There are 2 protein chains.
Amino acid sequence: MSIPTTTKMTYTDTQCGKNLSAVEDALYVVGGKWTLRIVIALLSGHYRFNDLQRTIKGISARVLSAELKDLEINGLVTRVVLADEKPVVTEYRPAEYSKTLRSVITALADWGQNHRKKIKGLL
Amino acid sequence: MSIPTTTKMTYTDTQCGKNLSAVEDALYVVGGKWTLRIVIALLSGHYRFNDLQRTIKGISARVLSAELKDLEINGLVTRVVLADEKPVVTEYRPAEYSKTLRSVITALADWGQNHRKKIKGLL
DNA sequence: CAGTATCCCGCGAGATACTG
DNA sequence: CAGTATCTCGCGGGATACTG
């Protein structure tokens, strides 16, 4: 089965492998620079393209557009066209599935907040 | 807890801002392609350079080296030289602080595992 | 074993402009 | 408003080789 020739441990090792590949799977979908930020904005009620762009500082239309497309592919976003005449009106709605990311987001947000405190303490 | 059903919102909005910047802070430290994988390996008991490189498939020595350096700077890793003669022996130990990342890692791992299941179900 | 030194390339992504 | 079209560039990071 396992081949730790030079090192010991077997249990933690397979645990490690599982964690690694699971985290890799997650990061593949959600590890991009903008992905989680977009999901956060969506879950906070920003549904429109320009609104999203304004909310997520620094993102370009091109990137936002591309990012929304594969969020849709990954089942995290649903695109809804409310009006396709004259000035088009579109909404990007967080799919139910995107709510499963909440635990990830809070874990990350908590850690980030705490880390910021830690950094400030060092100055 | 309640979400304003109107298009204008203020509460959720500032919530969104907080989440966004907190998550950005976290991602800044831990959002790199390799960072979390390295932390996982470290927390699983892989302390040696070559061991880490073997465990984390696909990482090059150059990148691992660089990554370990700023993990050290960020207080997540402690470098310990066990022997500096002849064949140098070094250990990279996960700092106490790195354990605070466990919740992030498990949240991500859980989601990744679940996501993989979901994907398989769609085929 | 634990790294460093180079060389090199792709693509992620910024800036800017345009359209139905 | 909601995007698309280009053009451009840096740097993240792979490959390979070398060293104390």
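In what follows, every chain begins at residue 1, and chains take the letters A, B, ... in the order their sequences are listed. For clarity, every value in this text was computed on a predicted model and none was experimentally measured.
Following rounding to the nearest Å, A/Y28 (OH) and C/dG12 (P) show an atom-to-atom distance of 11 Å. We find that CG of B/L64 is positioned 10 Å from P of C/dT4, with the value rounded to whole Å. In this structure, A/N50 atom CG and D/dG3 atom P are separated by 9 Å, rounded to whole Å. To the nearest angstrom, C1' of C/dA15 lies 17 Å from NZ of A/K57. Distance A/R37 CZ to C/dA13 P: 10 Å, rounded to the nearest Å. In this entry the distance linking CD1 of A/I59 with P of C/dG14 reads 8 Å, nearest Å. At whole-Å resolution of the value, CG in B/D51 and C1' in C/dG3 are 15 Å apart. For the pair B/L52 CG and C/dA2 P, the computed distance is 9 Å after rounding to whole Å.
Contact between B/S103 and A/A107 at its shortest, heavy atoms only, is O-CB, 4.0 Å. A pairwise comparison of heavy atoms in A/L52 and A/H46 identifies CD2-O, 3.2 Å as the closest pair.
Using modelled atom types and a 3.5 Å distance limit, the side chains of B/H115 and A/Y97 yield a donor-acceptor pair.
Mapping A/E67 and B/K69 onto DNA chain C by nearest heavy atom places B/K69 closer to the 5' end of the strand.
Using modelled atom types, no side-chain atom of A/N114 and backbone atom of A/D110 make a donor-acceptor pair closer than 3.5 Å. B/S65 places no side-chain N or O within 3.5 Å of a backbone atom of B/A61 that could act as its donor or acceptor partner. Side-chain N or O atoms of B/T35 include none that pairs as donor or acceptor with a backbone N or O of B/G31 at under 3.5 Å.
The number of heavy atoms from other shown groups lying within 6.0 Å of NZ (B/K57) does not exceed 12.
Of the candidates C/dA2, C/dA13, D/dG3, the closest approach to any side-chain atom of A/T90 belongs to D/dG3. When distances run from any side-chain atom of A/R54 to the nucleotides D/dC1, C/dT4, C/dG3, the shortest one goes to D/dC1. The side chain of B/R48 sits closest to C/dC1 out of D/dG13, C/dA13, C/dC1. Nearest nucleotide to the side chain of A/F49, out of C/dT4, C/dG3, D/dG3: D/dG3. When distances are taken from the side chain of A/R79 to each of C/dG3, D/dG14, D/dA2, the shortest belongs to D/dA2.
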Could you write out each protein N or O paired with an N or O of nucleotides 15-20 of chain D at a distance under 3.5 Å?
unit_1, atom_1, unit_2, atom_2, d
D/dA15, N6, B/R62, NE, 3.4

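Ring orientation note: the planes of A/Y92 and A/F49 are tilted relative to one another, at an angle of 30° to 60°.
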Item to check | Per-nucleotide pairing state of DNA chain C [Watson-Crick or G-U, under 3.5 Å; [ ] pseudoknot-crossing; | other strand] | outcome: ||||||||||||||||||||
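A close approach under 4.0 Å does not occur between any side-chain nitrogen or oxygen of B/Y92 and OP1 or OP2 of C/dC1. For the OP1/OP2 pair of C/dG14 and a distance below 4.0 Å, the side-chain nitrogens and oxygens of A/K33 include at least one atom meeting the criterion. Taking only side-chain nitrogens and oxygens, B/S65 comes nearer than 4.0 Å to OP1 or OP2 of C/dT4.
Note: the hydrophobic cluster containing B/L64 also contains A/L27 (ILVMFWY, side chain heavy atoms under 4.5 Å, direct or indirect links).
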Checklist entry - After noting the C-alpha distance and the side-chain angles of A/W111 and B/T100, does the key distance pass the side chain to side chain donor-acceptor pair (under 3.5 Å) rule? => result CA-CA 7 Å; A/W111 193 87; B/T100 62; 2.9 Å; yes
